[in-house]
Amino acid sequence: VKQHAGPYVDSPLAPVALAFVAALRAHHEESGEHTPRVARISLRIARAMNLSPSRTQDLYFGALLHDVGKLVVPQSILNKRCGERLTESEWETLRAHTWRGTTLLQGRGFNEAILCVVEEHHQFFDGTGYPYALAGDAISLEARICSVADAYDAITADRCYRAGSPDAIARHEIAAGAGTQFDPAVVEAFLKISADELSALTAK
Ligand SMILES: [Fe+2]
């Protein structure tokens, strides 16, 4: 079992985190399968950026749990994204998965750095993201890394309403977002990772 549970399996946080991922998978399969891939890509970017071991571990758990707030977003809204348009109030509910995720995790041993990844993974480097419109260094570095990993997986993974795009397209879109959606330093580190390596990290 340990071999399949991912890194940091001996951390006291692992059983709680993995239980949340299992719950998320049961609630919305696409999201539950997405977050472990984002955690693996995030770890690889952390290595490329020489992040310290303790920050790397926080990033890992943050990325593993980044969409956990979708547990409290109704399935009718999560599944509606397979084609139909969301109403403005449904979008608001969906965007709230960020801070509602941190609410779910509070008091369960996850530190501030981990919670920041969950709360800030949709912040844009230029300040146009949500939920707080933070910009630049005001967004935690771990969240800025998770944001790039999240985008790569979102672009390349098959969704119920479309096939995933190839690596080259994802790379191009992420490079184009450097300085607006993404931290340019994170993008630079990310682009050095080979397509083969990313494909192994995101393999089903
Ligand atoms: Fe998200």
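Indexing begins at 1, ligand by ligand and atom by atom, following the structure's order.
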Inset, instruction - Please check if the distance between the ring centroids of His66 and His34 is under 6.0 Å. - result: yes
Legend entry - Salt-bridge contact Lys70-Asp67 (side-chain N to carboxylate O under 4.0 Å): yes
Inset, instruction - List for me each residue that meets side-chain hydrogen bond (donor to acceptor under 3.5 Å, both in side chains) alongside Glu197, sequence neighbours excluded, and say none if there are none. - result: Arg44
Inset, instruction - For Phe124, enumerate each residue passing the side chain to side chain contact (heavy atoms under 4.5 Å, CB included) test, keeping only those at least two apart in sequence or located in another chain. - result: Asp126, Thr128, Gln181
Legend entry - Residues Arg171 and Asp167 bridged, charged N to O under 4.0 Å: yes
Inset, instruction - Name all residues meeting the salt bridge (charged side-chain N to carboxylate O under 4.0 Å, His left out) criterion together with Glu88; count only those two or more places apart in sequence or in a different chain, and write none if there are none. - result: Arg95
Legend entry - Residue-atom pairs from the protein, N, O or S only, that lie under 2.8 Å from the Fe ion (ligand 1): Asp67 OD1, His97 NE2, His121 NE2, His122 NE2
